[in-house]
Colleague: 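Sharing a structure here in structure tokens format.
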Amino acid sequence: MEITRQCVVALSWTLKDTLDEVLDVLDDPVEFVVGGHDLLARIEEALQGHEAGAELDLHLEPEEAFGDYNEQLVFLEPRTLFPDTLEEGMTFEGLPAGANPQASPDVLYTVTEIYPEHVVLDGNHPLAGIAIRLHLKVEAVREATEEELGRGSAGSGFFKVRHEAPGGAPLH
């Protein structure tokens, strides 16, 4: 079956930065809806017309991948707003009550630094600002179910980009 909009592809990949450092390897295929919300537009475009067994090498600039790094998505918040068990790398969807009101409630924030009085949270995707090289292998192609089409997703969120800048403007 040829890849077209509104089908499901099972992909495996190797993701590298431009210095050839491996950022992620997926050996077990993950399913994505083509034409839904699962994949970056550049990946969807490249997949069109291919079939199972195809291998593609893509170079994506930040604006085609996870966006440019946006300093407006970095917040310094009082330590007292967070649980005692706070650790670097923890994530929060939105910031807690009492935090900066300009912080979007729909952004996933990662704790990047913890100080005695403050916590630094970053709402950028971890790969924001990075050009990436992606080696994709199409493991399988099938028709999407009505439920998948309705959701626009096969359930995977790896390439899903939900971040918004303050004011609701899409970052990516």
Side-chain angles (χ1 to χ4, degrees), residues 8-34 36-44 46 58-137 148 151-172:
V8 173
V9 294
L11 302 174
S12 58
W13 64 72
T14 300
L15 177 66
K16 296 180 180 182
D17 64 16
T18 55
L19 299 175
D20 236 17
E21 182 181 330
V22 175
L23 303 173
D24 187 56
V25 175
L26 181 71
D27 292 321
D28 295 326
V30 172
E31 289 189 330
F32 300 92
V33 171
V34 177
H37 308 294
D38 285 344
L39 292 168
L40 298 169
R42 177 77 172 81
I43 295 172
E44 284 195 2
L58 303 175
H59 175 90
L60 285 76
E61 290 298 323
E63 60 273 11
E64 298 173 306
F66 299 99
D68 291 320
Y69 190 83
N70 184 343
E71 291 183 14
Q72 292 181 342
L73 288 175
V74 178
F75 294 91
L76 182 67
E77 299 296 333
R79 174 67 179 91
T80 56
L81 297 178
F82 297 90
D84 292 338
T85 57
L86 190 69
E87 296 178 15
E88 286 185 16
M90 290 178 80
T91 58
F92 295 88
E93 187 163 346
L95 296 181
N100 189 322
Q102 292 182 336
S104 174
D106 299 326
V107 171
L108 192 63
Y109 294 93
T110 302
V111 175
T112 58
E113 297 177 79
I114 302 171
Y115 297 100
E117 300 295 321
H118 294 92
V119 175
V120 179
L121 295 115
D122 190 343
N124 287 286
H125 187 282
L127 297 177
I130 298 174
I132 58 173
R133 293 180 178 159
L134 186 61
H135 176 80
L136 290 173
K137 182 169 184 193
E148 290 167 332
R151 283 193 324 250
S153 176
S156 173
F158 184 86
F159 288 111
K160 200 176 286 185
V161 181
R162 303 179 300 151
H163 300 302
E164 291 185 354
L171 281 178
H172 327 298

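Just so it is clear, the model here is predicted, and its values are computed rather than measured.
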Colleague: Provide the closest heavy-atom pair for D20 versus K16 in the form atom of the first, atom of the second, distance.
Modeller: OD1-CD, 3.3 Å
Colleague: Counting only N and O atoms by type, is there a donor-acceptor contact under 3.5 Å from the side chain of N124 to the main-chain atoms of L73?
Modeller: no
Colleague: Applying side-chain contact (heavy atoms from CB on, under 4.5 Å) between F92 and each of V111, L108, V119, report the one that passes.
Modeller: V111
Colleague: About how many Å separate CD of E93 and CG of D106, when rounded to the nearest 0.5 Å?
Modeller: 6.5 Å
Colleague: Which heavy atom of E87 sits nearest to which heavy atom of M90, and what is that distance?
Modeller: N-SD, 3.0 Å
Colleague: Measure the CG-CG distance between L11 and L26 for me, rounded to the nearest 0.5 Å.
Modeller: 8.5 Å
Colleague: Could you check whether atom CG of D28 has more than 12 heavy atoms from other residues, nucleotides or ligands sitting under 6.0 Å from it?
Modeller: no
Colleague: Calculate, to the nearest 0.5 Å, the distance between atoms NE2 and OG1 belonging to H118 and T80 respectively.
Modeller: 8.5 Å
Colleague: Taking C-beta and beyond as the side chain, do L121 and F82 meet within less than 4.5 Å on heavy atoms?
Modeller: yes
Colleague: I'd like to check T14 versus K137 (side-chain heavy atoms, cut-off strictly below 4.5 Å). Are they in contact?
Modeller: no
Colleague: Measuring only between side-chain heavy atoms, which start at C-beta, is Y69 closer than 4.5 Å to D122?
Modeller: yes
Colleague: List the steps and the verdict of side chain to side chain contact (heavy atoms under 4.5 Å, CB included) for E31 and D38.
Modeller: CA-CA 9 Å; E31 289 189 330; D38 285 344; over 6 Å; no
Colleague: Would you give the length of the straight line joining atom CZ of R42 to atom CD of E63, rounded to the nearest 0.5 angstrom?
Modeller: 11.0 Å
Colleague: What class does the angle between the rings of Y109 and F75 fall in, given that below 30° is parallel, 30 to 60° is tilted and above 60° is perpendicular?
Modeller: perpendicular
Colleague: For a 4.5 angstrom cut-off between non-hydrogen side-chain atoms, does Y115 reach V120?
Modeller: yes
Colleague: How close do P29 and A10 get, heavy atom to heavy atom, and via which atoms?
Modeller: CB-CB, 4.0 Å
Colleague: Taking all non-hydrogen atoms of both residues into account, name the closest pair between A103 and L95 and its distance.
Modeller: CB-CD1, 3.3 Å
Colleague: At their closest point, which heavy atom of L81 faces which heavy atom of P96, and how far apart are they?
Modeller: O-CG, 3.7 Å
Colleague: If you look at every heavy atom in L60 and A65, which pair is closest and at what distance?
Modeller: CB-CB, 4.1 Å
Colleague: So do F66 and L40 actually touch side chain to side chain, heavy atoms under 4.5 Å?
Modeller: yes
Colleague: Any non-hydrogen side-chain atom of L86 less than 4.5 Å from a side-chain atom of R79?
Modeller: yes
Colleague: Are I132 and E64 packed together at the side-chain level, in the sense that at least one heavy-atom pair is separated by less than 4.5 angstrom?
Modeller: no
Colleague: Flag the pair T112 / V74 as yes when at least one side-chain heavy-atom distance between them is below 4.5 Å, and no otherwise.
Modeller: no
Colleague: For the atom pair CG (L58) and CZ (R133), what is the distance rounded to the nearest 0.5 Å?
Modeller: 12.0 Å
